[in-house]
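Everything on this sheet refers to the single structure shown next.
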Amino acid sequence: MQQLPLISGSDPARNLDALFVNAPLRDYDQRPRTNDYTLPVLGMAYIATYAKQAGFNVGVLDAEAHGLGITETAKAVNAAAPRWAAMNLLAPTYEMSARIASLLDPGIALMVGGHHAKAMPDRVLADPRMANLRALVLGEGELRVAALLADEQRRRDLPGVLWRDPLLGTRATGIPTGRPNPQLLGPDINALPYVDRTFLPQDPYRAAPTEADRRLATSRRTDLLKTAATAGHLEANIVGSRGCPYNCTFCGAAVSANPDLSIRVRSPENIIGELDQLHEQYGVTAFRFVDDLFLGLRRVIEEQMEAFTEHRIGERYVWDATGRINILDRLDDRELDRLVRNGLREVALGIESGSDRILKAMDKRIDAEMTERVARRLVAHGIGVKGYFILGFPGETSDDISDTVRHIRNLWAIADSNPGDIRASVFEFRPYPGTPVWTTLTQAGHNPDELLAYGDVDLTEDGADESMRQRDEFNFSVGIQFGGVPLTTVRSTLATLTRQQHERNQTTTTAPGAAA
């Protein structure tokens with residue numbers, strides 16, 4: 001990997017107002033990292049970009065991207081000596097963040113946000129390792145973080161900002177004076193500046209040609225795709241919307257876990273403006289929409305594709321996106337053809353299981369037959385499918401897992417006779433606080449401390465060593481058997497499926513992150 005400065009996006013000639021710190025997935029002081037690519041921290045970059053536009057000198061320290069351990073990360077923050085250190089708290093990496101926070105110089109003020117901070121604010125505020133925590137920001141932070149950088153005392157009249165009273169030890173909350181500005185909690189995403197990519201050390205990135213690129217070059221025959229089939233694309237990640245209207249029980253984006261979050265989609269013109277800017281500035285020709293659900297509402301698909309057609313996006317770029325199976329099932333062949341003409345390369349689908357019983361428990365609103373029908377139609381049009389699956393879900397039986405294995409192999413067979421490819425990405429279930437299934441588990445008597453005890457999963461004993469490369473970020477477990485299948489069986493099945501997918505991938509060199 002190219003050696004890059006540890007702190008991205010800041011002006012080294014000025015004192016740092018804030019350093020946004022993405023904790024490593026593991027303590028790489030103890031074990032070297034195996035993956036060499038991780039998705040960029042777009043949420044942090046949005047906040048940093050807004051703060052920079054407001055005149056503050058800010059930077060991003062992506063410890064995961066640089067493979068830094070806990071001690072190295074803390075040393076880098078202390079050496080930079082920002083006024084504020086800001087962390088995005090996620091359940092699997094919370095321990096990493098807390099240990100880094102405990103090593104920071106006491107003169108550096110700490111602010112935190114993210115899913116874990118939102119789900120368990122009092123637990124975070126009470127953590128002695130977070131002793132210098134001066135602001136816990138609930139929800140979207142662009143406007144409120146900038147306000148805190150301007151004046152820490154503003155926290156007293158900012159909604160959704162918490163801290164602990166140093167004298168009483170109780171929770172303190174910002175109370176807006178007068179009518180609160182709704183933009184503080186949910187900014188107009190069309191008014192936000194485009195992400196400043198200098199904050200992202202690995203985005204845009206050069207992707208090697210993939211099997212999908214070669215299949216597309218054969219079926220679509222554009223000059224762009226012919227070149228990509230041999231040279232690859234320069235790719236960038238992008239967010240097209242915020243929020244999700246569904247309530248999948250295991251997901252941190254579930255609508256019931258985010259009652260404060262309004263679902264917003266960027267206008268087509270705003271999105272296309274960013275695509276063109278990235279192409280003009282960096283030469284990007286491929287994009288990955290990584291929001292919760294870009295192709296998740298039929299009305300939105302129609303609006304976006306009408307604009308993509310008008311701007312001839314498919315002649316200039318290719319793109320991947322998240323999608324919703326039950327929505328794609330309603331699209332007719334004309335609509336799928338338009339997605340193809342507009343450059344859609346691959347759709348990431350939350351398939352999760354081949355068992356209809358488990359799908360119902362997850363509140364997925366799909367069944368296995370629907371998934372296979374949708375996948376067959378997508379790959380017949382030359383659109384690739386990346387399917388995500390979960391093993392070990394609460395209540396899952398051996399028959400349910402067998403259904404999932406059979407389902408994955410059916411999907412592979414469908415791909416083998418069609419222009420598009422299907423990739424399976426399989427994970428062990430782990431609970432996240434704030435989700436519907438977390439509530440179910442804790443009400444059933446599970447100890448929250450045990451549910452939060454995320455640890456490494458080593459699948460090499462099951463022969464998945466090479467096939468697990470570039471998946472380091474996903475191998476977390478709390479070591480609890482939630483269903484009727486022993487964890488050893490869950491993990492051996494996971495390793496087998498991962499190894500088989502890896503073998504299928506070997507028909508060509510895969511892009512960074514493609515094996516995930």
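Predicted, not measured: the structure shown is a model, and the values here were computed from it.
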Could you tell me whether the side chains of [X] and [Y] share a donor-acceptor contact shorter than 3.5 Å?
X: Arg430; Y: Tyr432; result: yes
X: Ser256; Y: Asn247; result: yes
X: Ser10; Y: Asn57; result: no
X: Lys386; Y: Tyr388; result: yes
X: Tyr282; Y: Gln277; result: no

Practice task
Report the relative orientation of the aromatic rings in Trp319 and Phe308; use parallel for angles under 30°, tilted for 30 to 60°, perpendicular for over 60°.
Solution key: perpendicular

Exercise for the section: Could you pull out the closest heavy-atom pair between Ala18 and Leu149, with the gap in Å? Expected result: CB-CD2, 3.7 Å

Fill in the blank from the handout: Nearest heavy-atom approach of Pro193 to Tyr46 is O-CE2, 3.9 Å

Under 3.5 Å, which donor-acceptor pairs do the side chains of residues 110-121 form with other protein atoms, sequence neighbours left out?
{"residue": "Lys118", "atom": "NZ", "partner": "Asn258", "partner atom": "OD1", "Å": "2.9"}
{"residue": "Lys118", "atom": "NZ", "partner": "Asp260", "partner atom": "OD1", "Å": "2.8"}
{"residue": "Lys118", "atom": "NZ", "partner": "Asp260", "partner atom": "OD2", "Å": "3.4"}

Give a yes or no answer on whether the side chain of [X] reaches the backbone of [Y] with a donor-acceptor pair at less than 3.5 Å.
X: Thr435; Y: Pro431; result: no
X: Asp29; Y: Thr71; result: yes
X: Asp320; Y: Glu346; result: yes
X: Asp157; Y: Pro176; result: no

Exercise for the section: Give a yes or no on whether the ring-centroid distance for Tyr317 and Phe287 is below 6.0 angstrom. Expected result: yes

Kindly list each side-chain donor-acceptor pair under 3.5 angstrom involving residues 124-132, sequence neighbours excluded, with atom names and distances?
{"residue": "Asp127", "atom": "OD1", "partner": "Arg129", "partner atom": "N", "Å": "2.9"}
{"residue": "Asp127", "atom": "OD1", "partner": "Arg129", "partner atom": "NE", "Å": "3.1"}
{"residue": "Asp127", "atom": "OD2", "partner": "Tyr94", "partner atom": "OH", "Å": "2.7"}
{"residue": "Asp127", "atom": "OD2", "partner": "Arg129", "partner atom": "NE", "Å": "3.4"}
{"residue": "Asp127", "atom": "OD2", "partner": "Arg129", "partner atom": "NH2", "Å": "3.0"}
{"residue": "Arg129", "atom": "NH1", "partner": "Glu95", "partner atom": "OE1", "Å": "2.8"}
{"residue": "Arg129", "atom": "NH2", "partner": "Glu95", "partner atom": "OE2", "Å": "3.0"}
{"residue": "Asn132", "atom": "ND2", "partner": "Pro106", "partner atom": "O", "Å": "3.1"}
{"residue": "Asn132", "atom": "ND2", "partner": "Ile108", "partner atom": "O", "Å": "2.2"}

Practice task
With sequence neighbours excluded, give me every side chain to side chain donor-acceptor pair (under 3.5 Å) pair touching residues 73-92.
Solution key: Asp17-Arg83

Problem - Worked verdict on Asp449 versus Arg123 for salt bridge (Lys or Arg N to Asp or Glu O under 4.0 Å) - result: CA-CA 11 Å; Asp449 290 335; Arg123 187 183 182 100; 2.4 Å; yes

Problem - Basic-acidic side-chain contact under 4.0 Å: Glu335, Arg298 - result: yes

